[in-house]
Amino acid sequence: MPQKKDSPAPAPNHSAKTKVSKADKSSAIPEENEKKAQLAGFTTQPDDGSLTSNQGVKISDDQNTLKAGRRGPSLLEDHLFREKLMHFDHERIPERVVHARGSGAHGVFEAYDNAQSICKADFLKPGTVTPVFTRFSTVAGFRGSSDVARDVRGFAVKFYTQEGIFDLVGNNMPVFFIQDGIKFPDFIHAVKPEPHNEIPQAQSAHDTFWDFVSLSTEATHMVLWAMSDRAIPRSLRMMEGFGVHTFRMIDKKGTSRFVKFHWRPTLGTHSLIWDEALKISGKDPDFHRRDLWEAIESGAYPEWELSVQVIEEKDEFKFDFDLLDPTKLVPEELVPLTPIGKMTLNRNPANFFAETEQVAFCISHIVPGIDFTDDPLLQARLFSYPDTQLSRLGSPNFHEIPINKSLAPVVNNQRDGHMRQTINTGAASYEPNTVGGGCPFQAGVKMGGFATYPQPVEGPKVRDRAESFFDHFSQATLFYNSQTEVEKKHIMQAIQFELSHCNTPAIRERVVGVLEHVDKGLAKGVGDALGIKTPVKIDGPLNQLVPADIAKEKYQPSKNIGHGKSSPALSIIGNLIPAVETRKVAVLIADGYADETVDPLLKALTDKGAIPQLIAPLGGTVKSAGGKELAVDFGLNSVGSVLFDAVYVVGGKKAVDTLSKQAPAVLFVNEAYKHCKAIAASGEGCDFVKNALAKAGLDVKGESADLFSAKNGVLLSAAESKKDSTSLTEDFIDAIGNHRAWDRLHIDDIAV
Ligand code: HDE
């Protein structure tokens with residue numbers, strides 16, 4: 001059973017901005033939980049016993065096939081060889097048709113004390129701790145594609161509640177590309193690699209994606225999200241999650257309210273820069289997977305607060321957008337977030353295939369207290385998820401796979417099928433029966449049975465869309481207006497990049513024409529970069545996703561386009577939560593380094609939860625001027641500054657002379673500058689930084705006061721005194737916490 005905590009539940013207004021110390025975390029997280037115990041029953045430890053066949057027969061020789069003579073032909077009789085190869089030949093299962101690339105972790109969800117007034121679900125009772133398994137993913141790429149592709153991230157959480165499984169299968173963006181599930185195969189075909197040559201991998205920067213989204217203007221809002229920094233998270237631990245659709249919550253009295261689900265990371269939401277993401281894909285395609293794994297192994301457990309936006313039934317039609325339209329969000333300024341609990345991921349899977357690959361999320365997995373709405377995208381998903389598990393996992397018994405197994409008892413008359421694990425006893429596999437004493441019996445609502453909310457439904461059978469879904473641009477404009485200037489620039493550059501990879505001029509032009517309806521400046525900026533003259537006039541109706549037999553004029557978007565105000569909550573940079581914890585800091589070092597700085601620097605960073613790593617010209621060790629030896633984490637050639645959040649160059653004449661002759665060391669600092677990362681140096685290290693930036697074309701003399709300032713995130717202290725280096729380290733730590741110096745000078749001029 002999910003454990004109840006002895007300590008009082010956190011206050012309901014516990015905000016995502018509240019920093020939770022490690023000590024707090026460990027006290028909140030039970031070492032054992034019921035799901036862990038259940039999985040233990042299926043888990044084997046490496047055994048030092050004899051090697052056996054799958055039938056338990058001991059194997060005497062696993063090096064040689066059975067042959068007729070020492071140099072003779074292999075024999076078909078070799079049952080041990082055939083068993084081993086047969087199993088190997090079938091090791092792979094089909095990868096997910098979307099969201100194939102993913103990483104998962106176990107954890108717990110702990111309810112605050114306030115959700116029961118709107119939801120009767122047991123796992124939301126105050127202080128209830130429920131085991132969870134969470135899988136993050138990209139959407140378009142194949143299973144082996146890069147983690148940091150520009151893409152939406154899946155954010156799927158399986159709650160093993162006392163009343164059965166609840167899957168909250170969301171994304172890191174609050175809206176979606178299409179309004180009706182019947183277009184999902186078209187959209188996915190358009191974004192996946194093109195079918196004739198299977199190019200490009202894990203990218204939307206190609207003709208078919210932009211062709212589809214420019215013809216289906218309902219995608220415009222989500223396209224802007226996908227072109228924003230949200231699509232290149234710094235870490236899976238530093239991104240938000242959203243349920244996207246409007247759901248229902250039902251309280252004990254049977255009252256239904258509309259809700260939107262939000263996950264907010266306590267580390268804040270942070271992103272990469274596109275140039276950085278491109279380079280990380282080469283240096284470490286497992287960047288996000290490794291980051292999640294290492295954080296959990298080190299005890300720095302990632303956390304998210306779950307909130308809901310609650311809308312009373314009577315307010316369903318109060319907004320100028322439709323709550324059932326998944327291309328719209330509910331601005332927080334209209335309906336604030338109410339935090340209702342916290343998720344902590346605290347355990348890596350024991351086996352990737354058994355857990356992360358075989359986990360089967362289905363939006364149809366809900367528990368009493370939660371229900372669906374008529375959102376046509378949500379309705380389509382209700383069919384798709386269980387259906388896709390049949391081809392991926394191969395059997396309707398996928399719920400029996402340990403990672404998918406409910407903690408609540410599963411009792412019904414479903415029987416047999418491929419790979420059935422349960423051995424059902426007795427003669428009755430039907431209901432009603434007398435043979436089995438009438439069991440299992442229906443629970444009824446009072447005994448916790450699920451009952452669908454009795455929402456009245458009436459209307460003609462039509463293939464159509466409500467007019468309230470026709471406005472495709474207001475919220476795209478709202479989103480764009482809500483971004484800081486830096487974020488707007490990133491969106492513009494992302495669209496320029498993507499369109500420059502489209503071969504068909506008409507597609508590029510149509511996209512610019514669509515952008516005119518979002519923001520004229522954005523359209524012009526993109527157009528200018530591609531040699532497209534604005535304004536662009538689009539031929540034919542703007543939205544082509546209309547029923548064939550219905551007048552196209554009816555489907556024109558509303559006239560009040562481009563009127564969007566702003567919603568400050570939608571900016572990442574405008575909502576910075578400073579966090580140094582788990583940030584990776586490269587310390588550039590070489591033989592002859594100055595003794596004074598390194599130990600205090602490493603200690604100060606580690607005390608704040610950052611992860612300093614020593615990067616030297618070669619691997620092995622480095623010796624200080626005073627003869628002290630330190631182990632090097634990486635040689636310069638095996639990493640790059642893109643894998644770190646900040647760089648420190650250690651002083652010491654001999655060390656800096658050596659580093660100055662290393663082109664990768666110079667590139668390291670210059671790329672860190674270009675990517676707006678905190679840079680610090682002490683002693684002779686300061687000259688190294690200045691010379692490096694001068695080589696990249698910056699005027700380090702004329703403007704040195706502005707360039708080398710805390711605001712610009714470049715901190716130099718030529719003196720090596722204890723006082724100076726302490727204050728340098730403090731400023732450096734602050735700069736790391738700010739994530740990036742977004743307003744850094746001359747970024748576009750730097751030649752790297
Ligand atoms: Fe999915 N989606 N989806 N999706 N989705 C799948 O199910 C589908 C949509 C999401 O880590 C598939 O098990 C349809 C929205 C996540 O295992 C498949 C439609 C959102 C994951 C499927 C959508 C999502 C999936 C493929 C439109 C955010 C990965 C493998 C009607 C709210 C879960 C699988 C994991 C996976 C269908 C749209 C999120 C084919 C038909 C909107 C996070 O069933």
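Throughout, numbering of the chain's residues begins at 1 and tracks the sequence. Order of listing sets the numbers, starting from 1, for every ligand and every atom in it. What you see below is based on every heavy atom in this structure, not just the backbone, and it leaves out hydrogens, waters and symmetry mates.
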Side-chain ion pair, Arg257 and Glu312, N-O less than 4.0 Å: yes
Expected output: side-chain Ser395 to main-chain Asn397 donor-acceptor under 3.5 Å: yes
Ligand 1-proximal atoms of Val244, by part, heavy-atom distance under 4.0 Å: side chain
Interfacing atoms of ligand 1 (cut-off 4.0 Å, heavy-atom, Ala380): 31 (C)
Min heavy-atom dist Cys362 to ligand 1 below 4.0 Å: no
Residue and atom name of the nearest protein heavy atom (relative to atom 11 (O) of ligand 1), distance in Å to one decimal: Arg135 NH1, 2.6 Å
Heavy-atom neighbours of Arg92 CZ exceed 12 at 6.0 Å: no
Phe159 vs Phe109, ring-ring contact (aromatic ring centres under 6.0 Å, His included): CA-CA, chis, key distance, verdict: CA-CA 8 Å; Phe159 296 77; Phe109 175 80; 5.3 Å; yes
Protein heavy-atom partner closest to atom 24 (C) of ligand 1 - residue, atom, separation in Å: Arg381 NH2, 3.1 Å
Residue pair Glu95, Arg392: steps toward the salt bridge (Lys or Arg N to Asp or Glu O under 4.0 Å) verdict: CA-CA 7 Å; Glu95 66 173 35; Arg392 209 166 67 76; over 6 Å; no
Arg392 N/O to ligand 1 N/O under 3.5 Å: no
Glu305 versus Thr266, side-chain donor and acceptor atoms under 3.5 Å: no
Taking atom 25 (C) of ligand 1 as the reference point, the nearest protein heavy atom with its distance: His99 CD2, 3.2 Å
Nearest protein heavy atom with distance in Å, relative to atom 37 (C) of ligand 1: Ser384 OG, 3.3 Å
Enumerated ligand 1 atoms positioned under 4.0 Å from heavy atoms of Gly181: 31 (C)
Donor-acceptor pair between His288 and Asp147 side chains, under 3.5 angstrom: no
Short N or O distance, Arg96 and ligand 1, threshold 3.5 Å exclusive: yes
Nearest protein heavy atom with distance in Å, relative to atom 33 (C) of ligand 1: Phe361 CD1, 3.9 Å
Distance from atom 34 (C) of ligand 1 to nearest protein heavy atom, with residue and atom: Thr388 CG2, 3.3 Å
Heavy-atom nearest neighbour in the protein, as seen from atom 40 (C) of ligand 1, with distance rounded to 0.1 Å: Val97 CG1, 3.5 Å
Glu400 and Thr422 side chains, donor-acceptor separation under 3.5 Å: yes
Ligand 1 contact by Gly170, heavy-atom criterion under 4.0 angstrom: yes
Side chain Arg248, main chain Tyr453, donor-acceptor under 3.5 Å: no
Heavy-atom nearest neighbour of atom 4 (N) of ligand 1 within options Tyr385, Phe184, Phe176: Tyr385
Residue-ligand contact Phe155/ligand 1, heavy atom below 4.0 Å: yes
Numbered atoms of ligand 1 (with element) below 4.0 Å of Gly243, judged on heavy atoms: 32 (C)
Under 3.5 Å side-chain donor-acceptor pair for Asp375 and Thr373: no
Closest protein heavy atom (residue, atom, distance) for atom 13 (O) of ligand 1: Gln389 NE2, 2.9 Å
Residues forming a side chain to side chain contact (heavy atoms under 4.5 Å, CB included) with Ser214, sequence neighbours excluded: Arg510, Val511, Val514
With Phe261, the ring-ring contact (aromatic ring centres under 6.0 Å, His included) member among Phe242, Trp304, Phe247: Phe247
For ligand 1, the portion of Leu377 having any non-hydrogen atom under 4.0 Å away: both
